Each structure stands twice: as C-alpha cells, then as structure tokens.
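Keep in mind that what you see is a predicted model, and the values were worked out from it rather than measured.
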Amino acid sequence: MPDHHSPHRRPRTRTRRPGRPPPPHRHHTPYGQRVCQRRSRRVSRPTAAARRSRMLLTGYFLGMGVVMAIWGARMPAVQHAAHLSTAQLSLVLLAAALGMVAGLRTGGRLARPERLPRLLMGGAVGLAGALAVLGQCRTLASLLAAALAFGAAHGVVDVAANSAAVRCQNSYGRPIMSSLHAAYSLGALGAAALAAATAATSHSVLFLATGLALTAAVLAARPRTLALHGTDQPPTPSGGTAAVLPRRRLWLLGALAAASLLGEGAAADWAAVHVHTLDGTTAAAASAFALYSAGMTLGRLTGDRLTTAFGTPSVVRVGAVLAAAGLTTGVLAGSVPAALAGWTVFGLGLSTTVPCLITAAGRGGPKAVATVSVTGYLGLLAGPALIGALATATTLPTTLLLPALLAAALAVLAHRALENTAP
C-alpha cells in the first residue's frame, strides 16, 4: 500500500470543469498593494503653496465684496452730491453695468494662465482707484466716466479671480469655490455695517480711504500674487488644456446663472419693499435683505463640505427646491415673519448655485467663465427692472413668484448642466 504520509507523494489537485470560473482568493492581492490602494482612495492633503493661494484668493474675493457694498450703500450720498435725478442715477448705474460687461469679455480673452496674477492685481488696483475717484465726482459726465471704468475693472478682476479659483481648486483636489464666494458675502456684510456706522462721514472720505487701503493690501500681497499656485496646473483634472464645452451646455450654464442672479437682484431691490407692503416696520423691511445675505453666507460657508459629500448636482438641485419652496411660502403666507423667513431660506437655497456653475464653466477655461458670468450678470441687472415692470401690471407678491419659478426650473435642469463637474 502506498504511504499517504510520504513526503514524495504527488499532491492531489482539484480539477475544474471547463468554462467554470476559478474560486475567489481572499488574499490574492498582496498586503502591501492593498494598503497602497486604500491610501490612494483617500483625499490627498493640499500642499502649503495651494493653501497660501487659497488664502490669497479669499482676500481678493473679500475685497471685491467690500468695494461693491461700500459703493451700493452710499449711493444716495453720490446722488445728492452730484444733484442727480433718478433718471440720471440710472444712467450712472447703466454705465457701470456696460463697463462690467466689457471688462468680463476683455478679461475672458486676456486671462491666460500665466497672465492671471497680473490681471488680478491690475483689476483690483483699478477697482479700488475707480472707487476713490467716484467719491470725488460732482458732475454727471465725470460720474459716467468713472462708473464705466469702475465696472470694467470689476469685470476684469471678477474673471481673473474666478478663473484662478477654478485652477486653485483643481490643484487643491476638493471643492473650495463656495468658501471663496462666502468671503465675498462676508466682505459685503462687513462693509455694509461699516457704511452704516460711518453714515455721518462724507462718502468722499469713505471711498478714498477704502480705495487706498485696498490698493495698499494688493501691493503688499504682490509677491504672493505673482507666485500664485495653481496657475501652472491644468484647468481640468484629466488634461493639460482646457476642455471644449459644448455650446449648448455653456449657454445652459449661463441661463441658470442668470436665473440665480435674477433672484439675487430681486432680493437686493425688492425684499425690503415686499416686507414694507405687508405693513412691516422700517427695521423689519431693512432686515429682509440682511437675512437673505446671512442665509446665503451660511450656505456658502458649508457648501464645499456638502458638495464633497453629496455631489454638485444634488446640492444645487436640493438647494434650488429649498429656495423655491421658501420664497413661495413667504410670498403666499402674507405675513411679515413668513416673508422674512422666506427670504432667508431663499438665500440659503441659492447660496451654492453660482459657485458650482462657475466651477463647471471653468472646465472650458477663462473664456467660458467670462461667458457664463456675462450671461449671469445680465439676469442680475435686468431682473429688478423686469420685476418692477411686471408688478405695475399685476401685484408685487404675484411678480415675486417669478424668482421662485426660476429656482424650480434650476432644480429641474441642475443635473443636466452640472454632471461630471467635480474638481
């Protein structure tokens, strides 16, 4: 009999039927390779240079918010100093809007990666300088010229900042755009409070001091701006050149930006009027836009984490549904507390929309960012006038359902516009 314990016995092998898959091996992958795979799935930590660039861009967005809030809050003083009628003030605002459109288009053509740092500095210094000049103007002609330059500088720095933010976000490896736009909102809130606290001070002094302070900050940050990290990174994670966005998708992004910013313009110009028509006090009416801004700031401060956890299309879609439901409820309820709550929820719901749309456009390069920005700002500029015209034909509460309807449309189209746009 053969010895079954002999060391020279041929080991028994299990035959497998043809076509049958091999049995799974639990430890087929070496341990070291499994550890590397687990580590590769973790989110890589941003470099120190990327963190410094994020702080730098936060400062630029903050500064833009400060300038725009100072300009808007002291508009009545500008009108009084130059003895402008309402129609003449509208011309000044139109000049600023035309200048901004021109600046956005010019910035989109010039914003090559290597030019972004200089465009940032030039646009920011031009914006601060134009604000200082606006404070010294006492005639309609001088205000028109200064407002045109102010808008153009704003457009250039807006495109440069958003384009640099997209590239910095790509090198960061996770969403940061919402927090950068939150810096803009925080700057606007702080500057609005400063303008209210210095109401007894001449607007000329405030504009000049703000312009000089921001110019000094830009010059002090010049070395870091020139060494801006991320400008040497590909604008998309998968390639070294900007992706070509289909024209239909690009215009869809612009249309959604216009719908979102029309809601922002409606809140800025009509929220206080809406609360006032409900027999709200002056303080309650004045707090309507402040609550909207607070909701938007809160949403943007948490937007990056939500986008990372749930994805861009889902966050924008849920936010748009929340905005539509909040404003609709606030308008139809017909009470001051409901209206204030509705405007707050409206701002919270729309908070992540524009940062996500800019991120999606950034995959096509600075020119795509400029196209979406121009289309979006057209909604911001034309929206309040459209609401005013419709309100004369119907009622203001009925007309304010338009931004809610656009938010609902944004919820429907968000997935189609924002799919595959994660950084």
Are any of the side-chain heavy atoms of L418 and L357 separated by less than 4.5 Å? yes
Quick check for you: to the nearest 0.5 Å, what is the distance between T297 atom OG1 and L189 atom CG? 4.5 Å
Of all heavy-atom pairs linking A324 and A404, the shortest is CB-O, 3.4 Å
Is there a side chain to side chain contact (heavy atoms under 4.5 Å, CB included) between T307 and R174 once you walk through the steps? CA-CA 9 Å; T307 302; R174 60 182 173 84; over 6 Å; no
Is there a side-chain contact between V331 and L401 in this structure, where contact means two heavy atoms from C-beta onward sitting under 4.5 Å apart? yes
Is a side-chain N or O of N162 found less than 3.5 angstrom from the main chain of D158, in a donor-acceptor match? yes
Report the C-alpha separation of S185 and R300 in whole Å, then their side-chain angles, then the decisive distance to 0.1 Å, and conclude whether the side chain to side chain donor-acceptor pair (under 3.5 Å) test is met. CA-CA 9 Å; S185 300; R300 286 179 171 177; 3.1 Å; yes
So, for V156 and G123, which heavy atoms are closest and what is the spacing to 0.1 Å? CG1-CA, 4.3 Å
Does the side chain of L350 come within less than 4.5 Å of L261's, by heavy atoms? no
Applying side chain to side chain contact (heavy atoms under 4.5 Å, CB included), run through V374 and M100 and close with a yes or a no. CA-CA 8 Å; V374 168; M100 185 171 185; over 6 Å; no
When you compare the side chain of L402 with that of L386, does any pair of heavy atoms fall below 4.5 Å? yes
For A191 and A69, work out which heavy atoms get closest and say how close. CB-CB, 3.6 Å
Any sub-3.5 Å donor-acceptor pair from T344's side-chain atoms to L340's backbone N or O? yes
Does the T106 side chain pair with the main chain of G103, one donor and one acceptor, at a distance under 3.5 Å? no
Checking the side chain of T302 only, and the main-chain atoms of G299 only, is there a donor and an acceptor separated by less than 3.5 Å? yes
Between S179 and R305, does a side chain to side chain donor-acceptor pair (under 3.5 Å) hold up when you go through it step by step? CA-CA 10 Å; S179 66; R305 293 182 181 180; over 6 Å; no
Is there a side chain to side chain contact (heavy atoms under 4.5 Å, CB included) between V67 and L214 once you walk through the steps? CA-CA 9 Å; V67 170; L214 291 178; 3.1 Å; yes
Just wondering, do W251 and V372 contact through their side chains at under 4.5 Å, heavy atoms? no
The reported gap from CD1 in I176 to SG in C168 (rounded to nearest 0.5 angstrom) is 4.0 Å
Looking at every non-hydrogen atom in both residues, tell me the closest pair between L134 and A147 and how far apart they are. CD2-N, 3.7 Å
Under 3.5 Å, is there a donor-acceptor pair between the side chain of Q88 and the main chain of S85? yes
Could you go through L116 and R167, starting from their C-alpha distance and side-chain angles, then the distance that decides it, and tell me whether this counts as side chain to side chain contact (heavy atoms under 4.5 Å, CB included)? CA-CA 10 Å; L116 287 177; R167 301 181 74 85; 3.8 Å; yes
Quick check for you: to the nearest 0.5 Å, what is the distance between L250 atom CG and K367 atom NZ? 10.0 Å
Answer yes or no: is there a side-chain heavy-atom contact under 4.5 Å between V369 and S373? yes
When rounded to the nearest 0.5 angstrom, what distance separates CG in L84 from CZ in R138? 11.0 Å
Flag if over 12 foreign heavy atoms under 6.0 Å of CZ, R317: yes
If you measure from OG on S163 to CZ on R112, what distance do you get to the nearest 0.5 Å? 11.0 Å
Would R54 count as a cation-pi partner of Y172, with NZ or CZ less than 6.0 Å from the six-membered ring centre and within 45° of the ring normal? yes
What's the shortest heavy-atom distance between A259 and L406, and which atoms? CB-CB, 4.0 Å
Using 30° and 60° as the class boundaries, would you call the ring planes of H83 and H80 parallel, tilted or perpendicular? tilted
Which label fits W71 and F150: parallel for a plane angle under 30°, tilted from 30 to 60°, or perpendicular past 60°? tilted
Step by step, would you call T399 with T394 a side chain to side chain donor-acceptor pair (under 3.5 Å)? CA-CA 7 Å; T399 305; T394 56; 3.2 Å; yes
Check: W270 side chain, P384 main-chain N or O, donor-acceptor pair, under 3.5 Å: yes
Should the ring pair Y292 and F346 be called parallel, tilted or perpendicular, given that the plane angle runs from 0 to 90° and is split at 30 and 60? tilted
Are any non-hydrogen side-chain atoms of R74 and T198 less than 4.5 angstrom apart? yes
Could you check whether atom CZ of R416 has more than 12 heavy atoms from other residues, nucleotides or ligands sitting under 6.0 Å from it? no
Work out which heavy atom in A417 is nearest to a heavy atom in L256; give both atom names and the distance. CB-CD1, 3.6 Å
Atom CE of M75: over 12 foreign heavy atoms under 6.0 Å: yes
For the side chain of S293 and the backbone of F289, is there at least one donor-acceptor N/O pair under 3.5 Å apart? yes
When you measure from the side chain of S287 to the backbone of A284, do you find a donor-acceptor pair of N or O atoms at a distance under 3.5 Å? yes
So do the side chains of L57 and L120 get within less than 4.5 Å of each other, counting heavy atoms only? yes
L131 CG to L212 CG distance, which is reported to the nearest 0.5 Å: 10.0 Å
